[in-house]
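What follows is a short report on a single structure.
A, B, ... follow the sequence lines: proteins, then strands. Residue 1 opens every chain.
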Number of protein chains: 4
Amino acid sequence: MKDKLSNRQSEIINTAIKLIGEGGIQALTIKNISSEIGIAESALYRHFKSKTEVLSTLLDFLGVIIISHYENVNKLKISPFGKIEKMISGQLKIFAENPPYAIVILSDGLYKNEKLLYAKIFKIMEGAKSTFIKIIDEGKNTGEIRKDITSEQIAFVIMGSVRLTVNQWSLSGFSFDLKEKGKSLIKTLETLIQSS
Amino acid sequence: MKDKLSNRQSEIINTAIKLIGEGGIQALTIKNISSEIGIAESALYRHFKSKTEVLSTLLDFLGVIIISHYENVNKLKISPFGKIEKMISGQLKIFAENPPYAIVILSDGLYKNEKLLYAKIFKIMEGAKSTFIKIIDEGKNTGEIRKDITSEQIAFVIMGSVRLTVNQWSLSGFSFDLKEKGKSLIKTLETLIQSS
Amino acid sequence: MKDKLSNRQSEIINTAIKLIGEGGIQALTIKNISSEIGIAESALYRHFKSKTEVLSTLLDFLGVIIISHYENVNKLKISPFGKIEKMISGQLKIFAENPPYAIVILSDGLYKNEKLLYAKIFKIMEGAKSTFIKIIDEGKNTGEIRKDITSEQIAFVIMGSVRLTVNQWSLSGFSFDLKEKGKSLIKTLETLIQSS
Amino acid sequence: MKDKLSNRQSEIINTAIKLIGEGGIQALTIKNISSEIGIAESALYRHFKSKTEVLSTLLDFLGVIIISHYENVNKLKISPFGKIEKMISGQLKIFAENPPYAIVILSDGLYKNEKLLYAKIFKIMEGAKSTFIKIIDEGKNTGEIRKDITSEQIAFVIMGSVRLTVNQWSLSGFSFDLKEKGKSLIKTLETLIQSS
DNA sequence: TATGAATGAGAATTCATTCAT
DNA sequence: CATGAATGAATTCTCATTCAT
């Protein structure tokens, strides 16, 4: 994982993201990236040794954003439900503001033959999951969250439904208000998992 | 939508499915299909007028399998929870026995530039959702399912978590027992949505 | 050269002509012809042994129409100028009513590698030319046509300008009135070649 | 329209011309061009973005040659008849020395589905026509050319017969002496259009 | 850092034609 | 007469990558 990106590298990653946003993963070609930036295709190889490395760095970049979002929320001094609400709404806000991020996260099947890439997506999801689990455990301790289901299962259900929401938003061509949809989802999830 | 497939057409669709299973959507090329069958590439065009038509027919085929599974379950004379359990477990069984089906259903992003294909996937998901909603309504009537959440939302949460399960299974290279995982998911979902 | 065409053969030739009219020579494929008629591609080979034979027959058919038009005009008991006028206007009328004929006659370059086809077009043009020459000779005898230019050269100039007219009409997408344009061309040509 | 061609681009255009000369428009394929030059097919796409662009550039190139020929002749301080003679003979000389040029100019029907290409050919012909008209007007002023026919019609007759000459030369496989044929045509035309 | 030129492997599709039934 | 299935050669074009300058 790259530690610090050069200006050109950042530019490449940002352009890659933009291209994905405009035309999906298929639009992400070396040619498109470089002509968008205004450099030669070969120049790109000065900054990344392969297209896979571009994608890999892109995923690192995305991972940092998402994971740090989760960690920041987790550090807040608010109730577990407040945290869950903020985690979901914040995540959806990130996607709403950067649709390409959603596309990248959802295109997992594409990376199948690139174990490295798959592993990175997997890691992001695991990071999210473990944060959720921590918060749910907290909620169980305070008595707010039901104890008859394992925290992992609860986290799983939350992530599944958030993911499906994003999925449908993406397939719809980003045509509905993701944050609005998120609000009602959050309410549903809270109702489902709160102690009775 | 094709009504009845010729032998060769079925063979092509089956081969396409097999190829997807082995190498993902990227492995689905005209050349691969035809050389797997043992005919010339051009021969394939006697049976389908384009690659898109192959994919489209494949999705029709898949749709019929999935939707009829849901409908069959819905016709059973069992309790709503029984139906939900059978719907999920049956669906996962289909995927467990035919991993490529899972790949096709999950690769939605890929078809972005082919509205027709996307529409077919969408229709399959809608079909599943409406069946779920009917069953949940039934469960609310019998008093088994909680009434403080709309049926649509419940269906959404169920589908999201089922989908995520399949997703992770696919990403893991089909390495864990999907049906086993499904069983605990079903238990979780039932616990979540039953009336208290 | 085929003596008498079967019904199916005529149908094929007519369809070929229609296709050329609609989409140019490139639209003339075995597949297009047969699917337009509603038979299998292979069925076409019962009636013509190759695509070249289709074209060849088509040119025969066209040749008969054009040459007989010229001969008929030549048989009329009218002045040479009357004949020239009728030859040109009649020819343009045929094209105006059957634009594909014009396309076929003008697409000579296409048949370059098919000597047979080239020869047929050449023959049609020679037939026209010799009729023109005969009429011009007549006109010289009656004193109506200038004698300071060989009949062949006059015929050549006439045919060149008629051909260019048709050419431009074809390139314009048949957008102007060919017969109208023909009238002024005829007047010009008569003025040019009459005795002073 | 390209302003300045790179060496490779010129090489490609020249090769394209050569191929057309040897085998007609049908011989102009990306594969033929590239293998003739000795590069990979894909390499060609570094220099032209499509085959249409190759043809388009080729027509530009041809257009410049022809139009500048006409303009140069028009600038000469000679009589109108001298100019007409030089325009025709010079044009035929160009074709005689570069038979492929003739093929390209005459293959107009082929470009029917490529409006751009057709438009270029059209423009070349219009350029030629307007120069002819100017010269004919001049000739009318000096009294050398007959005034009973519009200059446009005269230009049309000239161009039609020149074109037919080139056409027959091309169809004959470039077998006769184009310049010789041109000389007698010029004489004919002059006789036809001079004042009596 | 950057470029221009090139490459090889593929990809989807078209077309005229053949042949057994 | 007609068909369905198949073929092989072409064709245009794309893509990630390399390398000398």
Problem set entry | Beyond-backbone contact of B/D60 with B/K120, side-chain heavy atoms, under 4.5 angstrom |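 A side-chain contact exists here, since the closest heavy-atom pair is under 4.5 Å.
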Exercise. Which stems does DNA chain E form, counting runs of 3 or more consecutive Watson-Crick or G-U wobble pairs with both distances under 3.5 Å?
Worked result: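 Consecutive-pair runs (3 or more) involving DNA chain E: E:2-21 with F:2-21.
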[N] [atom2] sits how many Å from [X] [atom1], rounded?
X: C/E11; N: F/dA2; atom1: CD; atom2: C1'; answer: 13 Å
X: A/F48; N: E/dT1; atom1: CZ; atom2: C1'; answer: 14 Å
X: D/I39; N: E/dG4; atom1: CD1; atom2: P; answer: 16 Å
X: B/L19; N: E/dA11; atom1: CG; atom2: P; answer: 11 Å
X: B/I25; N: E/dA11; atom1: CD1; atom2: P; answer: 14 Å
X: B/N7; N: F/dA6; atom1: CG; atom2: C1'; answer: 16 Å

Every protein N/O within reach of nucleotides 14-18 of chain E N/O, cut-off under 3.5 Å:
from, atom 1, to, atom 2, distance (Å)
E/dA16, OP1, C/K51, NZ, 2.6
E/dA16, OP2, C/I30, N, 3.0
E/dT17, OP2, C/Y45, OH, 3.0
E/dT17, OP2, C/K51, N, 2.9

For this session: Kindly write out the residues that satisfy side-chain contact (heavy atoms from CB on, under 4.5 Å) with D/S35, not counting sequence neighbours, or none if the list is empty.
Result: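 None.
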Exercise. OP1, OP2 of F/dA2 versus side-chain N and O of C/H47: anything below 4.0 Å?
Worked result: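 Affirmative; the distance criterion is met.
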[X]: partners by side-chain hydrogen bond (donor to acceptor under 3.5 Å, both in side chains), with sequence neighbours left out:
X: B/S42; result: none
X: A/S34; result: none
X: A/N167; result: none
X: D/S50; result: none

Problem set entry | Residue whose closest nucleotide on DNA chain E lies nearer the 5' end, A/A43 versus D/A40 |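 Residue closer to the 5' terminus by nearest nucleotide: A/A43.
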Problem set entry | C/S6 or B/G38, whichever maps to the more 5' nucleotide of DNA chain F |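 Looking at DNA chain F, the more 5' nearest nucleotide goes with C/S6.
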Problem set entry | Candidate nucleotides F/dT7, E/dA2, F/dA2, ranked by approach to the side chain of A/R8 - the nearest |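 The listed nucleotide nearest to A/R8's side chain is E/dA2.
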For this session: Applying salt bridge (charged side-chain N to carboxylate O under 4.0 Å, His left out), name anything that partners D/R46, two or more places apart in sequence or on another chain.
Result: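 Listed in chain order: A/E41.
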Exercise. Hey, does the side chain of C/T57 reach the backbone of C/E53 with a donor-acceptor pair shorter than 3.5 angstrom?
Worked result: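 Yes; at least one donor-acceptor contact below 3.5 Å.
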Output side-chain donor-acceptor pairs under 3.5 Å for residues 10-20 of chain A, partner residues at least two apart or in another chain, one line each.
from, atom 1, to, atom 2, distance (Å)
A/S10, OG, A/S6, O, 3.2
A/E11, OE1, A/R8, NH1, 2.8
A/N14, ND2, A/S10, O, 3.2
A/T15, OG1, A/E11, O, 2.6
A/K18, NZ, A/E36, OE2, 2.4

